[in-house]
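For this chain, numbers begin at 1 and follow the sequence in order.
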Amino acid sequence: MQDNIANNDEPDVAEQLHAIVERMLKPFDVKLQQRASTLLGQSAPFDFSRPNEHDSKAEFQREMAVVEQSLEHLSELIELLSSSDDTGEHAETLRRVRPIVDYKLFRRSPRSFVRDPIKLVRKNVADVGGYTASLFVLMDLWSVMEDRYQELQSQKKEFWNLPHRAPDHYARAIALRLARLFAKETRQRPTVGTSGETGDPSTSFTRALKEVFDLLEIQTVVRSPAEWAIEQLTEDDLKPNVNHLVNFGIMLGKGP
């Protein structure tokens, strides 16, 4: 669901995030600088993309297992169907099998005008020599699976290779981005508070963070990621943004 929010409804989510941030800053008499525009509309006040792709370690491990098994089976199949030895018995067998496979693929492919893209690809594969073309497709598939395996290895090291339960990286990332925006705009550190009566967040920052979590469907209690985010803030986060164009104007000689 979070992927759908990020990819399909981004302009609408950006507007809602702006409204949340404006409510957060209103008690401090602060307004965001002019909103940046994109071809799709207004950009979000902060990045709300996910730092990690999987919601749980189990989900990550399932994909890793599929990729590892795919690489193993594809490697075996490619090795079985190809041979660098032109004189051995296996090479001789492949020379007999290849034209048979080519002929059968050609006979089974559609001969009339094809509109469906997948059928058209299959027809083209059969027309140019189904055995060899299919082998190259398998090699391409192995290559992208290998790329994905390397990506997952990096994610494992960064997010999932922990002796204890992994934190909610998405919740932490969103909390830190919102905390930095709060600090930059107000020149103050955000605070964490809870209502003694309802248990709901009671500070401007945590109320806004809960709204953001609800909008992005992050099902995590606000307090823990909020406290973590505040601990990550540095003095630089409390400083206003520097307009480097002003300095460039001075260097480029606006004098006599």
Side-chain angles (χ1 to χ4, degrees), residues 1-7 9-36 41-60 158-160 162-243:
M1 181 64 71
Q2 291 161 350
D3 289 338
N4 291 335
I5 290 174
N7 295 329
D9 305 318
E10 186 167 336
D12 181 56
V13 172
E15 285 298 319
Q16 294 182 66
L17 289 175
H18 270 289
I20 293 171
V21 169
E22 287 169 0
R23 289 193 293 272
M24 177 183 73
L25 298 177
K26 187 175 181 180
F28 303 91
D29 197 25
V30 173
K31 289 187 177 181
L32 281 176
Q33 299 176 359
Q34 185 176 2
R35 302 183 186 185
Q42 301 295 333
S43 64
F46 59 89
D47 177 18
F48 61 93
S49 63
R50 296 174 58 111
N52 59 312
E53 299 180 32
H54 305 87
D55 290 323
S56 67
K57 189 170 185 178
E59 182 181 295
F60 169 83
E158 183 174 359
F159 298 118
W160 304 112
L162 299 171
H164 50 80
R165 182 178 178 180
D168 190 328
H169 296 287
Y170 192 32
R172 282 190 171 189
I174 293 298
L176 181 56
R177 293 164 191 168
L178 185 64
R180 283 176 171 159
L181 186 150
F182 181 99
K184 190 71 68 175
E185 296 294 334
T186 66
R187 317 281 180 84
Q188 300 178 35
R189 285 181 175 273
T191 57
V192 176
T194 305
S195 169
E197 297 180 358
T198 65
D200 294 330
S202 60
T203 68
S204 182
F205 168 67
T206 51
R207 284 196 298 268
L209 186 59
K210 185 178 187 308
E211 286 189 75
V212 173
F213 279 6
D214 291 342
L215 176 62
L216 300 181
E217 300 181 7
I218 300 175
Q219 299 178 359
T220 302
V221 176
V222 165
R223 188 178 190 91
S224 177
E227 290 177 341
W228 177 88
I230 293 171
E231 291 176 357
Q232 312 310 308
L233 296 179
T234 67
E235 292 302 316
D236 287 339
D237 291 316
L238 300 171
K239 297 177 182 178
N241 291 321
V242 177
N243 187 351

After noting the C-alpha distance and the side-chain angles of I20 and R23, does the key distance pass the side-chain contact (heavy atoms from CB on, under 4.5 Å) rule? CA-CA 5 Å; I20 293 171; R23 289 193 293 272; 3.4 Å; yes

Kindly compute the distance separating [atom1] ([X]) from [atom2] ([Y]), expressed to the nearest 0.5 Å.
{"X": "L176", "Y": "I230", "atom1": "CG", "atom2": "CD1", "value": "10.5 Å"}
{"X": "E231", "Y": "R189", "atom1": "CD", "atom2": "CZ", "value": "10.0 Å"}
{"X": "H169", "Y": "D55", "atom1": "NE2", "atom2": "CG", "value": "11.5 Å"}
{"X": "R172", "Y": "N52", "atom1": "CZ", "atom2": "CG", "value": "11.5 Å"}
{"X": "L216", "Y": "R50", "atom1": "CG", "atom2": "CZ", "value": "10.5 Å"}
{"X": "Y170", "Y": "E217", "atom1": "OH", "atom2": "CD", "value": "9.5 Å"}

Test item: [X] and [Y] side chains (from C-beta on) under 4.5 Å apart, heavy atoms:
{"X": "L233", "Y": "P190", "result": "yes"}
{"X": "L32", "Y": "L181", "result": "yes"}
{"X": "S49", "Y": "R177", "result": "yes"}
{"X": "L215", "Y": "F48", "result": "no"}

Identify the heavy atoms of [X] and [Y] that sit nearest to each other, and give their distance.
{"X": "P45", "Y": "L17", "answer": "CD-CB, 3.7 Å"}
{"X": "T203", "Y": "G193", "answer": "CG2-N, 3.4 Å"}
{"X": "F213", "Y": "A171", "answer": "CZ-O, 3.6 Å"}
{"X": "E59", "Y": "H54", "answer": "OE2-CA, 3.2 Å"}
{"X": "P51", "Y": "A173", "answer": "CG-CB, 3.8 Å"}
{"X": "L209", "Y": "A226", "answer": "CD2-CB, 3.8 Å"}

Holding to side-chain hydrogen bond (donor to acceptor under 3.5 Å, both in side chains), I want the full list of residues that pass it with S202, two or more places apart in sequence or in another chain.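 With sequence neighbours excluded, S202 shows a side-chain hydrogen bond (donor to acceptor under 3.5 Å, both in side chains) to no residue whatsoever.
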
Checking T220 now: which residues fulfil side-chain hydrogen bond (donor to acceptor under 3.5 Å, both in side chains) with it, not counting sequence neighbours?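 Expected list: D168.
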
Expected output: side-chain [X] to main-chain [Y] donor-acceptor under 3.5 Å:
{"X": "K31", "Y": "L25", "answer": "no"}
{"X": "K239", "Y": "K184", "answer": "no"}
{"X": "S204", "Y": "M24", "answer": "yes"}

Is a salt bridge present between D47 and R180, judged by a nitrogen-to-oxygen distance below 4.0 Å?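 No.
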
Please step through side-chain contact (heavy atoms from CB on, under 4.5 Å) for the pair V212 and I218, ending with a clear verdict. CA-CA 8 Å; V212 173; I218 300 175; 5.8 Å; no

